[in-house]
2 protein chains.
Amino acid sequence: MNQECSCDKCELKELFFHNVTSKEIMSLCGSRVEKNYDKGDCIIEQGTTINEFIYLKSGLVKLYVTNTDGKEQILSFAKPFDFVSLLSVFSQNTYSYSVMAIDESTTCNISIHDVKKLLQNNGPFAMGILEKMSKVSDAVINESLQIRKRNLRGRIAYVLLHFRNDIYNSDYYELPVSRKEIAEYIGMTTENVIRALTEFRKDGIIKIFGKAIEIVSYKKLVQISEHG
Amino acid sequence: MNQECSCDKCELKELFFHNVTSKEIMSLCGSRVEKNYDKGDCIIEQGTTINEFIYLKSGLVKLYVTNTDGKEQILSFAKPFDFVSLLSVFSQNTYSYSVMAIDESTTCNISIHDVKKLLQNNGPFAMGILEKMSKVSDAVINESLQIRKRNLRGRIAYVLLHFRNDIYNSDYYELPVSRKEIAEYIGMTTENVIRALTEFRKDGIIKIFGKAIEIVSYKKLVQISEHG
DNA sequence: ACGATGAATTGATATATATCATAAACTGAT
DNA sequence: ATCAGTTTATGATATATATCAATTCATCGT
């Protein structure tokens with residue numbers, strides 16, 4: 001809460017606002033708050049009022065919407081340096097999706113009012129935000145298209161590669177999500193997610209130890225992702 | 001090309017940039033070009049360099065990507081006041097999707113360089129763009145989620161209602177797209193799109209005269225859209 | 001250590017959707 | 001008016017996915 005301001009040392013600063021001087025960033029410091037979340041903690045709840053601009057300093061989160069029938073659809077997984085409260089911030093008063101930590105996470109929260117004030121007065125800062133926002137939206141939309149054009153096996157391969165390449169950079173990793181959550185992400189049933197994983201295991205493409213995955217044949221996984 | 005500048009009279013101006021003075025908009029006028037397109041004309045081709053900021057003054061367009069296997073996925077339909085070259089403009093050098101007129105359309109094109117220059121110097125203008133961009137991205141993402149959670153019948157009902165409510169504001173309208181394009185939009189086959197339409201017709205929910213659709217029972221269509 | 005709850009798994013079956021084949025209706029160019 | 005190509009339409013069949021049921025496995029709190 002009242003921590004010593006350390007924004008000028010923040011390793012995230014330049015990534016976001018590479019056109020903005022240290023001094024300008026510092027001006028946000030007064031209202032800046034860091035928050036820690038455990039796995040499973042809710043960071044943003046769909047429907048609540050937006051009054052902070054939130055980005056992820058460390059950890060991993062899922063963005064999802066809850067439908068009227070109670071079912072959840074996962075929009076995207078966000079990793080550090082991704083703005084978490086990005087998509088709706090400038091167009092709506094309330095969040096149209098929820099965000100939950102799927103790993104221990106730290107966010108940096110800034111009063112939306114202060115961000116807007118800075119935007120008005122600082123062109124390069126505005127450009128930085130626009131660029132980042134454009135990138136994040138693009139990524140979410142592209143992800144959705146990628147998933148939609150694949151069948152079950154292709155979708156599972158795509159997800160495994162997504163974690164491999166975009167999150168963990170390793171052929172061995174712990175899935176940060178349940179089979180059910182993978183199902184909610186790719187729009188298929190939990191049972192079929194499990195069946196596809198089992199198939200891949202039986203074909204020697206991956207090894208499975210509970211939540212841990214080892215990619216044995218990266219090549220085959222890419223092929224399945226691309227051609228079903 | 002060299003038309004008399006009439007931006008101050010442009011009815012679109014205030015919708016986009018309600019915080020920006022007439023004078024500021026005028027500063028863009030030098031590089032502003034209007035272009036007309038016939039139905040079927042390509043406005044933006046996926047992969048080409050982005051050097052203009054394009055928005056739709058009148059008409060109707062489809063945004064789509066062409067996959068490596070030649071198949072097309074329709075992202076969204078855009079109507080006047082929607083930015084057409086929006087999503088990638090600030091994050092990429094080339095378009096990641098194509099835009100085609102599906103009705104006679106007019107666009108207003110502004111040099112992207114000039115827009116960026118104005119953004120740097122004009123906070124309220126930047127805020128206006130941010131808001132609009134946020135809204136458009138939100139809409140595209142939401143559309144995708146809406147479609148994904150429905151089955152064939154629900155998707156068709158959703159699409160018919162989309163044209164009804166968001167584009168034509170009438171229970172009777174001419175579909176601006178082929179059955180194949182509807183299929184590319186909702187991610188199902190052309191045959192099944194046709195079958196669903198036929199079913200609705202046989203059930204007395206809609207009437208079909210070629211491309212023309214008459215919604216007979218709005219209520220039932222909503223019900224199908226919501227509960228399959 | 002215990003039971004309780006939810007997660008992962010597997011199989012049998014039902015359902016939805018895709019594919020393939022065919023034909024009629026429509027469209028545009030000559 | 002005619003032909004070629006495309007769109008719309010319909011049926012038969014194959015395939016993919018969902019649903020339902022039952023079981024094991026893991027995890028959490030008392």
**Q** Quick one: what's the B/S/- string for nucleotides 6-25 of chain D, heavy-atom cutoff under 4.0 Å, read 5' to 3'?
**A** --SBBBB----SBBB-----
**Q** Specify whether B:His162 and B:Tyr158 have parallel, tilted or perpendicular ring planes, treating 30° as the upper limit for parallel and 60° as the lower limit for perpendicular.
**A** parallel
**Q** Should the pair A:Tyr173 and A:Tyr168 be assigned to parallel (<30°), tilted (30 to 60°) or perpendicular (>60°) ring geometry?
**A** parallel
**Q** With axes from five pairs an end, tell me the bend angle of the helix from C:dA1-D:dT30 to C:dT30-D:dA1, nearest 10°.
**A** 60°
**Q** Could you tell me the separation between the CZ atom of B:Arg148 and the CD1 atom of B:Ile186, rounded to the nearest 0.5 Å?
**A** 14.5 Å
**Q** Quickly work out the A:Asp38 CG to D:dC28 P distance and round it to whole Å.
**A** 12 Å
**Q** One thing to verify: whether A:Arg164 and A:Asp171 come together as a salt bridge, which I'm taking to mean a side-chain N less than 4.0 angstrom from a carboxylate O.
**A** yes
**Q** Let me confirm one number: the CG-OG1 distance from B:Asp41 to B:Thr107, rounded to the nearest 0.5 Å.
**A** 11.0 Å
**Q** Return the value, rounded to whole Å, for the distance between atom CD of A:Glu184 and atom C1' of C:dA8.
**A** 15 Å
**Q** Working to the nearest 0.5 angstrom, can you tell me the gap between A:Asp203 CG and A:Ile224 CD1?
**A** 7.0 Å
**Q** Aromatic rings B:Phe77 and B:Tyr185: how do their planes relate, parallel, tilted or perpendicular, breaks at 30° and 60°?
**A** tilted
**Q** With side-chain contact (heavy atoms from CB on, under 4.5 Å) as the test, pick out the partner of B:Leu175 among B:Ile208, B:Ile182, B:Val159.
**A** B:Ile182
